[in-house]
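Some notes on the structure that comes next.
Numbers restart at 1 for each chain; the letters A, B, ... are given by sequence-line order, proteins then strands.
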Amino acid sequence: MRWSKALIPTLKETPADAVAPSHKLLLRAGMVRQLGAGAYTYLPIGFRVLSKVVRIIREEMDAAGALELLMPALQPVELWKESGRYETFGDLLMQLKTSSDQHFALGPTHEEVITDLVRDLVRSYKQLPVTLYQIQTKFRDEPRPRFGILRTREFLMKDAYSFDANVEQLNDSYDAMYEAYCRIFDRCGIPYAIVEAESGPIGGDSSHEFMVPSSTGEDTIVQCPACNYAANKERAEIGAPSEAPAIPAATPDAPSPAPVETPNRRTIQEICDFLKITEAETAKLLVFLADGRPVAALVRGDHEANEAKVRRAFGATTLTQADAPTIEKATGAPMGFLGPVEIKIPLAVDRSVAAMPTVVVGGNKLDVHLTGVVPGRDFPLDKVLDLRNAVGGDPCPKCGRLMVENQGIEVGHVFKLGTKYSRAMGAHFLDDKGQEIPVIMGCYGIGVNRIVAAAVEAGHDDNGIVWPLSLAPYHVLIAPLQLNNPAVMEAAEALEKKFEAAGYDVLVDDRDQRPGVKFKDADLIGIPLRIVISERGLKEGTVEVKWRTDASAHNVSAATADEAILAELETTRRGMENVSAERRISRAASRGQ
RNA sequence: CGGGGCGUAGCGCAGUUUGGCUAGCGCGCUAGACUGGGGGUCUAGAGGUCGUGGGUUCAAAUCCCGCCGCCCCGACCA
């Protein structure tokens, strides 16, 4: 391909709207253009990158035995009402009506459509297991699209769904997808961490997210530096504190709780400012409805309650925050002054509160708080659990080392669904005993555009993008410097033909531009290998070779440049493959343990 | 949805406070000349519903009101 024909509108200046590095660079490199909030055009070289990601995904999904199909984005809302997600998805669901007043949704995901399909097509255990996938544009009415192509209203997603006859099959299907995902992200050349994610009522290790570490990531993960424990912040468990006893012995002669007037101070911040104490010396009582029943959770003032942990603490299947009237009715105290002392509803206490010698809490009376409250003496500690979100510095639940907190971009998610949809929508089959039972499902998503964004977030420098070889729009950029010199142009074309014959994508910068312009653009669009052919070089019998990842260039003999450069390309390509292979082997080994 | 900011040429911006002549500058673009290894120089050009609708005024990019769009923080994110 000739640069002059390639439509690569690079920008010298950064568009003012862009903040995230990937957004800035993809715009400047002429890879994407914004149409509106959360809607982007992929220009030719950006589309080439996206297509390469798609190809890798497709190859690995096929290799894992999944079957590709294509479902409509246009879906009758009746299906969504059937599954119950018309309500739970809410405003995120993009909806429209046809001229004949039929009500449709644009698919944000396809559990409903695929379950509808499978309930018709799968009648026997003999048809199971089966995993189906598609690569398709999804729509979500995001309240706030962000960070360029990272969070958009319209995006490309690979979504797969497994259907199994029993839990063993589900586990195998899940493991196959998990392994395929590792291979996909390895081949894409992006760094990633696999973290445990909140998985709903099924529990266990049945949901994992694939996260690319990045400060622009919208997700927070906590990781143990010592063992391999890593989890989404919402999911992470917190190890028991190593030194302090879980429940300190209550000092019998400690002074009784002292009520203090705290007029109009409701928030933890206001209380702390007023009483000149730190948030860590206080505790807040939160009221939830656990399966409709009011319950209370007490966490330290500087901590966040984790709703999933609270839900499990009360053995509930649903948990919602109680609104102000409900709270007042259940506790008799106004919001902002709630406390655990003589509370009338079931109480669970976070471990870190139980470990405090004294604590400042609400007085269950308007404008009153209590200081010097002793856990265990002034309120019961019969339900002490981990109830809060983990933060950096908390002990690892497996080995006790202090965990660290990082931001990440979620590029993939694997999830055991169980029978949620098959029950709701009646997708049953006959097992080998002739019993009709709901099919067991798993779902597996990859954000294709996000891989592109994440690759840029993980691979860039001051000069531009640094693509991994496998995702680069072109593998090689050949830059002849003197367009009017036939020898230079012939050498460039000869190399172009050789590389293309060997299966590499080649871009020839045939623009009549000064070398500086060509070099700057080459760095900006991030082509892994740059070949410079110049009069000067040819006079010396050399062509210049520079890898985007290297600080400086080196020369090879012009006479044997084709072979020498192809050898370098092969080495790099094989290097990436070797990394993938080694990781595959070590994963297999750790599974074997 | 709450808070903040912005909308003037493809991109980056000035001009708006205090209304006033053909609305400017840099980059990019077109033509030409010189130049030729890290975004060159010069000359000559093209390119604008000043987001949009209304109002005030002799006169509106500028003042007033409505609407639309975009960005950031927060809320939200099966």
Side-chain angles (χ1 to χ4, degrees), chain A residues 7-20 23-24 27-28 30 33-40 43 80 83-93 105 107-112 138 140-148 150-153 155 157 159 161 197-202 207 209 216-220 232 234 308 318 321 410 413 415 417-418 420-421 424 441 443 445 447 450 462-464 479-485 488 509 511-525 530 532-537 539-540 542-544 546 551-553 555:
Chain A
L7 191 62
I8 309 174
T10 57
L11 301 172
K12 201 182 271 189
E13 287 169 298
T14 303
D17 283 347
V19 175
H23 190 197
K24 288 180 185 171
L27 285 169
R28 283 194 55 211
R33 270 295 159 99
Q34 182 173 16
L35 180 62
Y40 284 81
L43 294 170
W80 287 79
S83 71
R85 282 210 294 183
Y86 186 72
E87 281 73 32
T88 54
F89 234 93
D91 291 339
L92 215 53
L93 193 66
T109 174
H110 278 65
E111 281 84 3
E112 280 79 5
K138 301 286 192 249
R140 293 185 189 184
D141 192 353
E142 290 288 350
R144 191 172 160 211
R146 251 193 272 225
F147 302 138
L150 212 53
R151 176 172 291 275
T152 52
R153 294 208 168 104
F155 56 97
M157 179 168 167
D159 50 323
Y161 308 89
E198 194 48 59
S199 52
I202 295 183
S207 176
E209 289 171 342
T216 32
E218 296 182 283
D219 293 271
T220 306
N232 191 304
E234 281 76 49
T318 66
Q321 288 202 19
E410 182 188 350
H413 195 166
F415 200 105
L417 283 173
K420 178 178 172 184
Y421 296 95
M441 294 172 58
C443 70
R450 277 189 179 179
D462 291 345
N463 293 317
L481 295 189
Q482 291 79 25
L483 300 190
N484 51 7
N485 182 322
V488 169
D509 190 351
R511 296 174 301 168
D512 187 12
Q513 291 286 358
R514 299 168 68 87
V517 174
K518 295 190 177 198
F519 297 157
K520 284 287 186 187
D521 271 347
D523 285 349
L524 180 58
I525 70 170
R530 187 186 81 192
V532 176
I533 299 168
S534 65
E535 283 175 350
R536 196 179 76 189
K539 205 172 288 171
E540 293 165 4
T542 62
V543 304
E544 181 192 284
K546 182 180 177 301
S552 57
N555 291 325

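- Of all nucleotides in RNA chain B having an atom under 4.0 Å from a heavy atom of chain A, the first and last in 5' to 3' order are B:C11 to B:A78.
- Base pairing of B:C76 is not made with any nucleotide, judged by Watson-Crick or G-U wobble geometry with both donor-acceptor distances under 3.5 Å.
- Contacts of A:K546 classified as salt bridge (Lys or Arg N to Asp or Glu O under 4.0 Å), with partners at least two apart in sequence or in another chain: none.
- Applying the salt bridge (Lys or Arg N to Asp or Glu O under 4.0 Å) test to A:D159 and every residue at least two apart in sequence or in another chain returns A:K138.
- With a 3.5 Å ceiling on both atom-pair distances, B:U49 lacks any Watson-Crick or G-U wobble partner.
- Of all the residues in residues 514-524 of chain A, A:R514, A:P515, A:G516, A:V517, A:F519, A:K520, A:D521, A:D523, A:L524 reach under 4.0 Å from RNA chain B with at least one non-hydrogen atom.
- Every residue meeting the side chain to side chain contact (heavy atoms under 4.5 Å, CB included) condition with A:P515, not counting sequence neighbours, appears here in chain and number order: A:L481, A:F519.
- Each side-chain hydrogen bond (donor to acceptor under 3.5 Å, both in side chains) pair with one or both residues in residues 8-19 of chain A, not counting sequence neighbours, appears once here: A:T10-A:D521.
- Under the rule for a salt bridge (Lys or Arg N to Asp or Glu O under 4.0 Å), the partners of A:R151 that lie at least two apart in sequence or sit in another chain are A:E142, A:E218.
- B:C71 and B:G55 have their P atoms separated by 32 Å, with the value rounded to a whole Å.
- Within 4.0 Å of A:N485, counting heavy atoms only, lies no atom of the nucleic acid at all.
- Comparing the same atom, C1', in B:G3 and in B:C76 gives a spacing of 16 Å after rounding to whole Å.
- Contact annotation for A:Q34: backbone-only contact, meaning every heavy-atom pair under 4.0 Å involves sugar-phosphate atoms and none involves a base.
- With sequence neighbours excluded, the residues satisfying salt bridge (Lys or Arg N to Asp or Glu O under 4.0 Å) with A:D141 are A:R153.
- Nucleotides B:C6 and B:C63 place their P atoms 12 Å apart, quoted to the nearest Å.
- Applying the Watson-Crick and G-U wobble criteria (two distances, each under 3.5 Å), B:G39 pairs with nothing in any strand.
- With sequence neighbours excluded, the residues satisfying side chain to side chain contact (heavy atoms under 4.5 Å, CB included) with A:T220 are A:K233, A:E405, A:Q407.
- In this entry B:C6 has B:G69 as its Watson-Crick or G-U wobble partner, both defining distances falling under 3.5 Å.
- Distance check, rounded to the nearest 0.5 Å: NZ of A:K520 to CZ of A:R514 gives 14.0 Å.
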